[in-house]
Novice: 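Pasting a structure here, questions to come.
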Amino acid sequence: MKKLLRRSIRWKHSVHTPDISQTPNFTKYSPIRPINEELAPYVLETMRAFPTGSRHVNQQHYYHNRTVLIEDYLRKKPHPVSLMQLAQYYDDSAQLTKQKIINSGKFVKEELAIRMAHKLHSLQQLPFHVVNNFHFVQAYESYYNIFERFRKYPTIRTIEDNEKFAAFLRRILQDFNSLNLPHLVMGALECTILDLYPQDKMDELLSSLLRARISRRLIVEEHISITSNYSSGKKENTLVLGDIFQECSAKEYILQASKTCEKFIKDMYYESMALPELFIDGEVDLKFYFLPTHLKYLLGEILRNTYEATVKDYIRQGLDKPQPICITIVKNDESFLFRISDRAGGIPINDKNIWSFGKSKERASESLENFHRLPGLQTVSLYDHLYQTNNAISVDKANRPYRHTSLEPMSHTNLTGAKFKFETPLIKLMQRSYRYKLGIGLAMCKVYAEYWNGDLTLHSLPGYGTDTVLKLGNLIHSAKKLQLDKV
Ligand SMILES: Nc1ncnc2c1ncn2[C@@H]1O[C@H](COP(=O)(O)OP(=O)(O)O)[C@@H](O)[C@H]1O
Ligand SMILES: [Mg+2]
């Protein structure tokens, strides 16, 4: 009997305890599917102390950060700028001169390094598990990389130096940092899902990072624009010397946005799907100075919601045709207002998180899932694009190369190949198919509308419809106002 017992104990051990040299089979502890080969490298990557291939977030980071960022750049204050100042550089004339271009280049180089340093520092103040989030750490890496590139860029002395600098700026705007926008939002969503950071603080963080991003891009894009104006012989302009702001026809932009929405609806349903009628009234002929990409984005996102709700309501109610959409344009000296009225039944549930980047956990998971499905955002690697010469691409057991992250510059070839357009990432984001509901349209639009001294509100009458009101400040009115995160 004793013998039998001993044998059975030995037998038990030999079956249930794997050899110490073998990988334990963890899958039996988890109800979810085992991690497959395809996913394994990503999981591994999230477990490392430093991202593989990172040039900045590594063992030396602390020391470099202390001497260069904290003890040098953080002591310098960013300069609030006005739209007017951006354009004129140290004198009052509207003429574009060689010296102005050079001064502008010098300013941009130093200012961008300082502004990046301050944003890096604010990311460093976050709890470690937030900034070390898979997505945030890539935005951090990219910010550090930009900081370093501006910091080390040689002083601009001549007009030729500046031409080179403008090319450098164009490259920066188009390369991997075009991913920062989705990375920041995806990072926020992950932090919500994992309960890592309070939602209100996360919204505040994201809004401030986005505002700062808009300002930096404006500074850079304005410099690129005045540089190319100067070299092409155009030496005078009305509001600002570059061409990033343009006179926009409200009606044209609305019609363009509605065309895009109609196309999306047809893609989503079928070609002959009934479409809502669109009426425009009020200041129909309004033309105003604005940043074309921002206007396109704002109207695009808002109309998308309106069209989507209207068509869904038409289907739900089994109506003869979709209810019409009416846009009223109003203006005074200070602002322009667009009231987009629909009769799509209003906002179904009283969702407090409608303006939040984080949302409820359920909605955050849905959004995140859709982000992962966005075409062009799947197979990526910031580190591959950053440092193509190092060993950022690892090789799996079967000798196949794999990449470390799940994001890719949105159609990278387009970004580098096609004619340079301002704010490509934003427009790309807006052009996503209706299938991908990201749940951040209103949150983003609010940041952009507030940036331009306006706001965005929703007035929903459940059972009837919604008025979405977009107000934008008149730029000419505030062109002389000195603002830090608003220019
Ligand atoms: N005009 C509208 N009518 C009804 N619901 C709306 C309207 N505009 C926005 N919503 C609601 O607000 C939600 C959030 O909108 P948004 O932030 O643009 O994210 P998404 O459109 O990706 O869901 C929508 O899912 C929808 O439920
Ligand atoms: Mg939307």
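Just so you know, ligand 1 is whichever comes first in the structure, and atom 1 is the first atom listed for that ligand. These numbers were taken from a predicted model, which means no experiment stands behind them.
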Novice: Less than 2.8 Å away from the Mg ion (ligand 2), how many protein N/O/S atoms can be counted, ignoring water?
Specialist: 1
Novice: Going by the rule side-chain contact (heavy atoms from CB on, under 4.5 Å), which residues pair with S208 if we only count those two or more places apart in sequence or in a different chain?
Specialist: K119, R211
Novice: Contacts table for ligand 1: protein N or O within a distance under 3.5 Å of ligand N or O, distances only.
Specialist:
| residue | atom | partner | partner atom | Å |
| --- | --- | --- | --- | --- |
| ligand 1 | 1 (N) | D342 | OD2 | 2.8 |
| ligand 1 | 3 (N) | T466 | OG1 | 3.4 |
| ligand 1 | 17 (O) | G441 | N | 3.3 |
| ligand 1 | 17 (O) | L442 | N | 2.9 |
| ligand 1 | 18 (O) | N305 | OD1 | 3.0 |
| ligand 1 | 18 (O) | N305 | ND2 | 2.8 |
| ligand 1 | 21 (O) | N305 | OD1 | 2.9 |
| ligand 1 | 21 (O) | K437 | NZ | 3.4 |
| ligand 1 | 22 (O) | L438 | N | 3.3 |
| ligand 1 | 22 (O) | G439 | N | 2.7 |
| ligand 1 | 23 (O) | R363 | NH2 | 3.4 |
| ligand 1 | 23 (O) | K437 | NZ | 3.2 |

Novice: Using the ring of each side chain (for Trp, its six-membered ring), is F288 parallel, tilted or perpendicular to F336, with breaks at 30° and 60°?
Specialist: tilted
Novice: Salt bridge check, R304 against E308: does any charged N sit closer than 4.0 Å to a carboxylate O?
Specialist: no
Novice: Cation-pi between R149 and Y143: NZ/CZ under 6.0 Å from ring centre and within 45° of the ring axis?
Specialist: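 No.
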Novice: To the nearest 0.5 Å, tell me how far N145 CG sits from E141 CD.
Specialist: 7.0 Å
Novice: Relative to each other, are the rings of H372 and H135 parallel, tilted or perpendicular (30° and 60° limits)?
Specialist: tilted
Novice: For the residue pair Y140 and Y144, does the interplanar ring angle fall in the parallel (under 30°), tilted (30 to 60°) or perpendicular (over 60°) class?
Specialist: tilted
Novice: Indicate whether any N or O donor in one side chain lies under 3.5 Å from an N or O acceptor in the other, for N180 and S142.
Specialist: yes
Novice: Taking only residues two or more places apart in sequence, or in another chain, which ones meet K263 in a salt bridge (charged side-chain N to carboxylate O under 4.0 Å, His left out)?
Specialist: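 Scan of K263 (salt bridge (charged side-chain N to carboxylate O under 4.0 Å, His left out), adjacent residues dropped) gives D267.
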